[in-house]
2 protein chains.
Amino acid sequence: MCYAFTMLSRIEKLCAEKGLKMTEQRRTISRVLSEATDHPDVEEVYQRANKIDHRISIATVYRTMRLLEDASVIDRHDFGDGRARYEESREDHHHLIDLNSGEVLEFISHEAQKLMEKIAAQHGYELVSQRFEIYGVKKGSKTPPSRRR
Amino acid sequence: MCYAFTMLSRIEKLCAEKGLKMTEQRRTISRVLSEATDHPDVEEVYQRANKIDHRISIATVYRTMRLLEDASVIDRHDFGDGRARYEESREDHHHLIDLNSGEVLEFISHEAQKLMEKIAAQHGYELVSQRFEIYGVKKGSKTPPSRRR
DNA sequence: GTAGATGCAAAGTGTTTGCGGGCGG
DNA sequence: CCGCCCGCAAACACTTTGCATCTAC
């Protein structure tokens, strides 16, 4: 239940580190993000934040998302639909995108992690980030439709 | 040496299949694409095509890229810089993106391929496409800089 | 009190599209 | 010659930004 506490400590840590102000808008957006279990886009975050506090503009959402992303508090993803999707940062998980429903499933694969590091090393590179995404349709379903914005 | 032949046969096959016209513009764009060894974006393809035949507009490049992509003649990628990058379709290779130079290295990994199929299957999905990308910096180099458009 | 945050609307970017004219089959 | 294709410019979707105002510290 200590969502609020958990979330605040994380954000406050960020603000302390970077000397940022903890405004009402940032608090609201942070709350929305820490309560989300999906991968909302900016518009969606904006809608949810607006329900809580309608004095919030989409420009602020964009600015705050970038802020939190730069601080590594959230991760930005691009699942191929032309806009950014976000989630609180966590380690070691990847995504399986259902091309029919747009639903995003998460999975963990240590194998993948090790494989990436190995390949990076083989090429003389240091792994900074990676993308390991699977796009598929439920077994037995028909149309492997055309994605796209 | 038979670049033109190889390329034409591919495109002509596509045109035959889909009943499309082989216009001068499409021929030029196809030639540019089959000669490329990198992963040009639309602007770059446009520049190269324009050098060969300046009666070509960027709108046509966009339309042709989509056409070829839909026909699975080329693959579209998104390496996180906000625009689409293309290459002739080939199987089983993935990308390592140098975050400092933007350079894209290719590598093959059967392990990755098998891993993806396994994971998709485990979740009851049929693998349609995947993304296996490594973003890194050369070992020993400093700034793991900020990407972004 | 002041640096930094916000809201608003305008500007940017990459991409798509409606339309009249042009060209390949 | 007919229908698909092209160039042009306007429209789009998402994101960023300049400026005046407001607010957390």
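Convention: sequence-line order gives letters A, B, ...; per-chain numbering from 1. All values below were derived from every heavy atom in this structure, side-chain atoms included, with hydrogens, water molecules and symmetry-related copies excluded.
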Task: Residue pair A:Leu115 / A:Glu111, side-chain heavy-atom distance below 4.5 Å - done: no
Open item on the list: Can you classify the ring geometry of B:His95 versus B:His77 as parallel (below 30°), tilted (30 to 60°) or perpendicular (above 60°)?
Closed with: perpendicular
TODO: Starting at atom CG of B:Asp78, determine the distance to atom C1' of C:dT15, rounded to an integer number of angstrom.
DONE: 14 Å
Open item on the list: If I take atom CZ in residue B:Arg85 and atom C1' in nucleotide C:dG14, what distance separates them, rounded to the nearest angstrom?
Closed with: 14 Å
Task: Side-chain ion pair, B:Glu69 and B:Arg76, N-O less than 4.0 Å - done: yes
Task: Interface residues of residues 54-65 of chain B with DNA chain C (non-hydrogen, below 4.0 angstrom) - done: B:Ala59, B:Tyr62, B:Arg63
Task: Any A:Arg27 side-chain nitrogen or oxygen under 4.0 Å from OP1 or OP2 of D:dA24 - done: no
- [ ] Would you indicate, yes or no, if D:dC6 has its OP1 or OP2 atom less than 4.0 angstrom from a side-chain nitrogen or oxygen of B:Thr23?
- [x] yes
TODO: Applying salt bridge (Lys or Arg N to Asp or Glu O under 4.0 Å) between B:Arg48 and each of B:Asp41, B:Asp38, B:Asp53, report the one that passes.
DONE: B:Asp38
- [ ] Nearest whole angstrom, please: distance from the C1' of C:dT6 to the CG of A:Leu67.
- [x] 13 Å
- [ ] May I ask you to check whether A:His123 and A:Tyr125 place their ring centres under 6.0 Å from each other?
- [x] no
Open item on the list: Can you see if the side chain of B:Gln25 gets near the phosphate of D:dG7 - specifically, an N or O under 4.0 Å from OP1 or OP2?
Closed with: yes
- [ ] Provide, to the nearest angstrom, the distance between the CE atom belonging to A:Met22 and the C1' atom belonging to C:dA3.
- [x] 17 Å
Task: Closest-nucleotide 5' rank along DNA chain C - winner of A:Gly19 and B:Glu43 - done: A:Gly19
- [ ] Output yes when at least one side-chain N/O atom of B:Arg26 is less than 4.0 Å from OP1 or OP2 of D:dC5, else no.
- [x] yes
- [ ] Decide, yes or no, whether a salt bridge links A:Arg63 with A:Asp70 under the criterion of side-chain N to carboxylate O below 4.0 Å.
- [x] no
- [ ] Could you check how far CD of B:Gln47 sits from P of C:dG14, rounded to whole Å?
- [x] 13 Å
TODO: Mind calculating the distance between CG (A:Asp81) and P (C:dT15) to the nearest angstrom?
DONE: 15 Å
- [ ] Would you kindly check whether a donor in the side chain of B:Lys21 faces an acceptor in the base of D:dC4, or vice versa, at under 3.5 angstrom?
- [x] yes
TODO: Could you tell me the separation between the NZ atom of A:Lys18 and the P atom of D:dC25, rounded to a whole number of Å?
DONE: 17 Å
- [ ] Starting at atom CZ of A:Arg83, determine the distance to atom C1' of C:dT15, rounded to an integer number of angstrom.
- [x] 15 Å
- [ ] Salt-bridge test for A:Arg83 and A:Asp81: reply yes if a basic N is under 4.0 Å from a carboxylate O, no otherwise.
- [x] yes
